[in-house]
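Report on the structure given below.
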Amino acid sequence: MPELPEVETYRRFIDELAVGQTIAALQVNDAHVLATPEDQLRAGLVGRAISGTSRLGKNCFLELDNGQVLVLHFGMTGDVGAYRDEPDAPRFTRVALHLEESGLRLAFIDPRKFGRIRLAESAAAHQKAKKIGPDALAITAAELHQKLARRKTLLKPLLLDQSITAGLGNWIVDEVLFQAKIHPERLGTTITEKEGNALHAAVQLVLTTAIKQEANYRHLPASFLIHAREWDTSATPTSDDAHTFCPRHPKVKIDKAYVGGRATYTCPKCQPAPASAK
DNA sequence: AGTATTGTTGAAGT
DNA sequence: GACTTCAACAATAC
């Protein structure tokens, strides 16, 4: 789940729940998700107030009153929640922050445990340490184009590369490429300035639309490719495969292929394959 | 039972 | 050094 729109939605939730609160205790149910040793994390958190939140790509920051930040990365299946009493803890709560004033517990939920929690000196320090590029909502069209154009690699893996721009994940990259009408196997070096602008506009459109819907993909417009993804089939097991057709071409079936090792959906008509693609 | 999965990292190969 | 491919991580769902 957690691509940029989910993380932004989580951040807003945390912001409402936790800003102004003091951390009374750190509860660790599974140390596997800790990227900072538990003792060190506890020493850095307990007694501190949460002064604000921010986000960079798929990273969510809880700003502490001493300038340090608690960095939350949600991996593939991370989520946040809140509860008051332990029996009500969401399933797969791996870590919980006990909040002093409200008495609530902020849960870091992650079934697959690919997510990570760490303490960092600042958001900027974390960005540098992890080589994270500009946020996908903040990067300019010129910078995006310039970064893509000097790389002789398939476009899709480039857009997934968090050091180029941060926040795009597998589903959103497909959506962006569909909206921009560009094939995922184009090489970065072949992207024209005009196409760069189209990509930038598509990134903005997809992200702002998804955030507006609080990352509930089922509520995205019918013009979005995402409805062709297979998770929609399970919701309507008896239905035909109408959803596997291009939103712009009712007769054209959406292609599924693997690009850069990741499942990739495209419209063969909207997104012509480059001559080099096999 | 076998397959798939939204993210990231590192190793090994070209 | 640039790039590609693959495995690993862990758990669930179909």
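So that the names make sense, note that chain A is the first sequence line, chain B the second, and so on, each numbered from 1. All values below were derived from every heavy atom in this structure, side-chain atoms included, with hydrogens, water molecules and symmetry-related copies excluded. The shown structure was predicted, so the numbers you read here are calculated from the model rather than taken from an experiment.
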Assess whether a salt bridge exists between A:E16 and A:R12, defined as any Lys/Arg side-chain N lying under 4.0 Å from an Asp/Glu carboxylate O. no
For the pair A:S163 (side chain) and A:G133 (backbone), establish whether a donor and an acceptor sit closer than 3.5 Å, ignoring hydrogens and angles. no
Does the A:E175 side chain pair with the main chain of A:L225, one donor and one acceptor, at a distance under 3.5 Å? yes
Would you please determine if the base of B:dT8 is stacked by A:F114, with stacking meaning a centroid separation under 5.5 angstrom and planes under 30 degrees? no
How close or far is atom C1' of C:dT4 from atom CG of A:L160, stated in whole angstroms? 15 Å
Describe, in one word, how the ring planes of A:F74 and A:F108 are oriented to each other, choosing from parallel (under 30°), tilted (30 to 60°) and perpendicular (over 60°). parallel
Quick note, A:Y258 side chain, CB onward, closest among C:dC3, B:dA4, C:dA11 is B:dA4
For C:dT4, does either OP1 or OP2 sit under 4.0 Å from a side-chain N or O belonging to A:T153? yes
Would you write out the dot-bracket form of DNA chain B, 5' to 3', with Watson-Crick and G-U pairs under 3.5 Å, [ ] for crossing pairs, | for pairs to other strands and . for unpaired bases? .||||.||||||||
To the nearest angstrom, how far is A:K113 atom NZ from B:dG7 atom C1'? 17 Å
Nucleotide nearest A:F92 when distance is taken to its side chain, options B:dT9, B:dT6, C:dT12: C:dT12
Interatomic distance where NZ belongs to A:K130 and C1' belongs to B:dG7 [whole Å]: 12 Å
Charged N to carboxylate O below 4.0 Å: is that the case for A:R262 and A:D174? no
Taking atom P in both C:dC6 and B:dT3, what distance in whole Å separates the two? 16 Å
Any sub-3.5 Å donor-acceptor pair from A:D135's side-chain atoms to A:G57's backbone N or O? yes
Say we look at B:dT8 and C:dG1: how far apart would their P atoms be, to the nearest angstrom? 24 Å
Pick from A:H200, A:H145, A:R186: which one makes a side chain to side chain donor-acceptor pair (under 3.5 Å) with A:E195? A:R186
Tell me which nucleotide among C:dT12, C:dT4, B:dG7 gets nearest to the side chain of A:L154. C:dT4
Given C:dT4, B:dT8, B:dT5, identify the nucleotide with an atom nearest to the side chain of A:H73. B:dT8
Which listed nucleotide (C:dA11, B:dG7, C:dC3) is nearest to the side chain of A:R94? C:dA11
Could you work out the separation of C:dC9 and B:dA1 based on their C1' atoms and round it to a whole Å? 22 Å
Gap between atoms NZ and P, on A:K152 and C:dG1 respectively (whole Å): 19 Å
Within the pair A:R262 and B:dG7, is there a side-chain N or O less than 4.0 Å away from OP1 or OP2? yes
Report which part of the nucleic acid A:R151 touches: base, sugar-phosphate, or nothing (heavy-atom distance under 4.0 Å, all strands). sugar-phosphate
Think A:R91 has a side-chain N or O under 4.0 angstrom from the OP1 or OP2 of C:dA11? no
Measure from the side chain of A:N170, starting at C-beta and using heavy atoms only, and say which of C:dT12, B:dT5, B:dG7 lies closest. B:dG7
Write down the distance between CE (A:M76) and C1' (B:dT8), rounded to a whole number of angstrom. 9 Å
Under 4.0 angstrom, heavy atoms only, what part of the nucleic acid is A:F74 near: base, sugar-phosphate, or nothing? nothing
Measure the distance from CG on A:L159 to P on B:dT8 and round it to the nearest whole Å. 14 Å
Nearest-Å distance for atom pair CD/P, residues A:E175 and B:dT6: 15 Å
How many whole angstroms separate atom CG of A:D110 from atom P of C:dC9? 16 Å
Could you go through the side chain to side chain donor-acceptor pair (under 3.5 Å) check for A:Q68 and A:E63 one step at a time? CA-CA 6 Å; A:Q68 292 194 325; A:E63 298 158 355; over 6 Å; no
